[in-house]
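Everything quoted here is computed from the prediction, not taken from an experiment.
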Amino acid sequence: MTMENRLKIGRRIAELRKEAGLSQRDLAERTGFNPSNIARIETGRYSVGLDVLSKIASALGASVEIVKNDS
């Protein structure tokens, strides 16, 4: 996963988390992850696998999808 993709995914997770009114600690509790790992994911400093992304998405009431690029 490229740094650009990690940043994009991390920003989207942070956006969904804030829309849900959750802190990073709240999301960590819902997923069983360490709050510092949530922070690292949101800032693109941590490359995560599909299982982790799915668990975060589920905690946020979202899903992980593969979409075709427009370009």
Closest contact, heavy atoms only, Ile13 versus Leu60: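 Minimum heavy-atom contact is O-CD1, 4.0 Å.
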Closest non-hydrogen atom pair, Lys55 against Thr31: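 Smallest heavy-atom distance, with atoms named: CE-O, 2.9 Å.
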side-chain contact (heavy atoms from CB on, under 4.5 Å) partners of [X], counting only residues at least two apart:
{"X": "Thr2", "result": "Glu4, Asn5"}
{"X": "Ala20", "result": "Leu22"}
{"X": "Lys8", "result": "none"}

Connected via hydrophobic side-chain network under 4.5 Å: Val64 and Ile56: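 Hydrophobic grouping puts Val64 with Ile56.
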Listed once per pair and sorted, the salt bridge (Lys or Arg N to Asp or Glu O under 4.0 Å) pairs that draw on residues 16-29, sequence neighbours left out: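 Listed by first then second residue: Arg17-Glu42.
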Ile9 CD1 to Ile41 CD1 distance, which is reported to the nearest 0.5 Å: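 Atom-to-atom, Ile9:CD1 and Ile41:CD1 are 10.5 Å apart.
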Those residues that, when tested against Arg30, pass salt bridge (Lys or Arg N to Asp or Glu O under 4.0 Å) (two or more places apart):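 Here no residue qualifies.
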All salt bridge (Lys or Arg N to Asp or Glu O under 4.0 Å) counterparts of Arg12, not counting sequence neighbours: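 Partners of Arg12 by the salt bridge (Lys or Arg N to Asp or Glu O under 4.0 Å) criterion, ordered by chain and then number, come out as Glu15.
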Residues 43-52 side chain polar contacts: donor-acceptor under 3.5 Å, at least two apart:
from, atom 1, to, atom 2, distance (Å)
Thr43, OG1, Ala39, O, 3.0
Thr43, OG1, Arg40, O, 3.3
Thr43, OG1, Arg45, NE, 3.2

Co-members of Val67 in a cluster of I, L, V, M, F, W and Y side chains, linked at under 4.5 Å: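 Once heavy-atom contacts under 4.5 Å are chained together, Val67 still belongs with nothing else.
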Other ILVMFWY residues reachable from Ile66 by side-chain steps of under 4.5 Å: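 Noted: Ile66 shares its cluster with no other residue.
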side-chain hydrogen bond (donor to acceptor under 3.5 Å, both in side chains) partners of Ser54, counting only residues at least two apart: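 Ser54 satisfies side-chain hydrogen bond (donor to acceptor under 3.5 Å, both in side chains) with no residue once adjacent residues are dropped.
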